[in-house]
Amino acid sequence: MVNRIFKKTALVAPSLIISLWIVVGVVTQISHILLAPFPETPWEAAMTLEAVRFATGLPVFENPETGHATHMYGSLYTAILGSMFWLTEPSNITGRILSLICALGILVLVLVVGATKKQWMWIVVGSAMLAGIHLKARGYFVSTRPDMLALFTMSIALIFLFRALEKGKTGWLYVGLVATLAATFLKQTMAPFALVPVLAHWLARERQWGGLKLGLALVPAVCVTTSVLIMAACFPDAFFYMVSVPKQYPISPGKFVKALYELIVALPVFLIMLWDFSRDSVTRSQLLDPVLRWIVSCVAIAIPVSAIGLAKAGGTTNSLLPALLSITLFCVWYGSRADWMAADRPTLAMADFFRCCLLGFLLWASFQPPNPLRLVREESTDSRWREWPQLVSDLALLQGRVVSPKEPTLTYFARGQFDRNIYLEYDAVGYPEKMPQYIQAWLSSADYIIDAHYRFDSNYTPLSATILAPLGFIEFKKGASYTIFRKSGGAD
């Protein structure tokens, strides 16, 4: 018995070893980022400070020229994170912990829905694929952003909608609708997933258009559309940031086609399984299985939604998350049911061993996991762990007005000061070539300006020594992660 188990494990070892390596690498990276007191990006700082505004009763949605600009993500995220600050002290860590909890929740849901108990190896491989998505999305599993919370909420919504529409438990429909609306107001890209029930209904063989079932399938999409119209009429400021601001950024057709191609080939395992699935008439017939229909519907909606998000001006890797998570769910579901790496079979042929080797290679090629030992060495020399606490202390002692345009949490923690975030200000006005007059006046009013440097800095930054020089600022003090500029002629 023990010998047989050993042989089976040895045959699937290539995939198992690569999977564990990916998981260990991601856990190592997360462990360093999670509790960092400083923000990883300007947008983390923005999310945290906007939540603090909400928690302290300050206005969040204002005219940028007379107040400040908030972020263009869903307005519900600010309220949720701000409510958490009623229970905890404001910090750059709380939002990351929330995202990590949601990422772990998504992991559990994907494995519960997709994997089978007999195919235990797919629990390991599925975990590795989900961990690898953290690498492809540049750390969003532990980022103070609404993405993971929105995706987890939408996943819960789809589960409740599935139970309501496929299992006849219509009472769950109301819970599913509330969760769908919550996900939409956390991140706008969740809105198209309200069409999953409609597409799943269409994929059913009977395709009975009309009747109660189709009407119920349309309810989520109708509710989302209605809620957005209500927001436009009753909450125009929130509508401006959630809809009007993102709308001003065009979608490049060329970038969309490129993003679509890159997204489809991002996980070669998916392409192989899709090809295998198209050849397997037995498995194709399982489209009658409502679970598979809903999974396929999620994939069909998520791929174009993610490609559009990436193709928009300013689109970045977080746009890939809906598609990558949906694709991973399909791979786990199909792989655990189609004799892929079937470690529970009495015997495993050499063909199975080579298939496991191929899967391990594809996982490595897809995610290119970091070396955990190298990560530990690199992170131990990260200067921000030393510089950020010292900078907070130093800023509290400076005389005059201090502004930190990229990282306003610095001046909040150092001086209790609420300020603008220059990236959000530029987001709101569409990144004009010339600095808007009100932003120039805001910067000119400062005696000191702090420029923060990030490992994932934007390709275009609206703040630099070249931009500050005409405003009368000179370099005062420079560190590895921060530069302090002082107004020329000001006191030291």
Side-chain angles (χ1 to χ4, degrees), residues 11-26 103 106-107 109-116 118-137 141 151 259-280 282-284 286 291-292 295-304 306-307 310 317 320-345 348-370:
L11 286 171
V12 297
S15 300
L16 179 61
I17 292 172
I18 297 300
S19 298
L20 292 177
W21 184 268
I22 293 172
V23 171
V24 171
V26 170
I106 291 172
L107 168 66
L109 292 178
V110 168
L111 296 181
V112 168
V113 172
T116 60
K118 290 184 178 181
Q119 296 290 356
W120 56 271
M121 279 299 301
W122 275 99
I123 296 177
V124 179
V125 173
S127 299
M129 292 181 71
L130 289 164
I133 291 173
H134 168 79
L135 300 175
K136 278 196 170 292
F141 281 17
L151 286 163
L260 201 61
Y261 167 77
E262 290 180 352
L263 190 57
I264 292 175
V265 301
L267 296 178
V269 175
F270 172 63
L271 291 179
I272 293 176
M273 289 191 175
L274 197 61
W275 176 73
D276 200 29
F277 176 81
S278 66
R279 295 169 58 248
D280 191 341
V282 175
T283 309
R284 282 204 313 273
Q286 292 180 357
V291 175
L292 180 57
I295 292 174
V296 170
S297 299
C298 287
V299 173
I301 290 173
I303 289 177
S306 292
L310 198 59
T317 50
L320 300 175
L321 285 168
L324 293 178
L325 290 172
S326 300
I327 287 172
T328 299
L329 175 57
F330 173 82
C331 290
V332 172
W333 190 95
Y334 180 71
S336 62
R337 289 165 175 79
D339 282 344
W340 264 76
M341 212 167 54
D344 64 318
R345 289 206 297 265
L348 284 172
M350 285 304 296
D352 297 298
F353 175 73
F354 286 119
R355 180 179 283 186
C356 293
C357 290
L358 174 62
L359 181 57
F361 170 77
L362 292 178
L363 288 174
W364 184 276
S366 298
F367 304 118
Q368 300 178 12

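What you see is a predicted model, and the numbers here were worked out from it, not measured in a lab.
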Self-check item: A115 versus V332, closest heavy-atom pair with distance
Solution: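 Here A115 and V332 meet closest at N-CG1, 3.6 Å.
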
Quiz item: Which atom names give the shortest non-hydrogen contact between L260 and A307, and what distance separates them?
Solution: CD1-CB, 3.8 Å

Which atom pairs, one a donor and one an acceptor, fall under 3.5 Å between side chains of residues 124-131 and the rest of the protein, sequence neighbours left out?
from: S127; atom 1: OG; to: I123; atom 2: O; distance (Å): 2.7

Self-check item: Set of residues satisfying side-chain contact (heavy atoms from CB on, under 4.5 Å) with respect to L151, sequence neighbours excluded
Solution: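 L151: side-chain contact (heavy atoms from CB on, under 4.5 Å) contacts with I106, M148, M190, L321, P322, L325.
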
Quiz prompt | Counterpart residues, side-chain contact (heavy atoms from CB on, under 4.5 Å), relative to A323 (two or more places apart) | solution =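 Counting only residues at least two positions away or on another chain, A323 forms a side-chain contact (heavy atoms from CB on, under 4.5 Å) with L263, A302, I303, S306.
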
How long is the gap from [atom1] on [X] to [atom2] on [Y], to the nearest 0.5 Å?
X: F141; Y: L107; atom1: CZ; atom2: CG; answer: 8.5 Å
X: L267; Y: L274; atom1: CG; atom2: CG; answer: 12.0 Å
X: K136; Y: L324; atom1: NZ; atom2: CG; answer: 7.0 Å
X: Y334; Y: F270; atom1: OH; atom2: CZ; answer: 12.0 Å
X: L329; Y: L292; atom1: CG; atom2: CG; answer: 9.5 Å
X: I295; Y: I327; atom1: CD1; atom2: CD1; answer: 13.0 Å

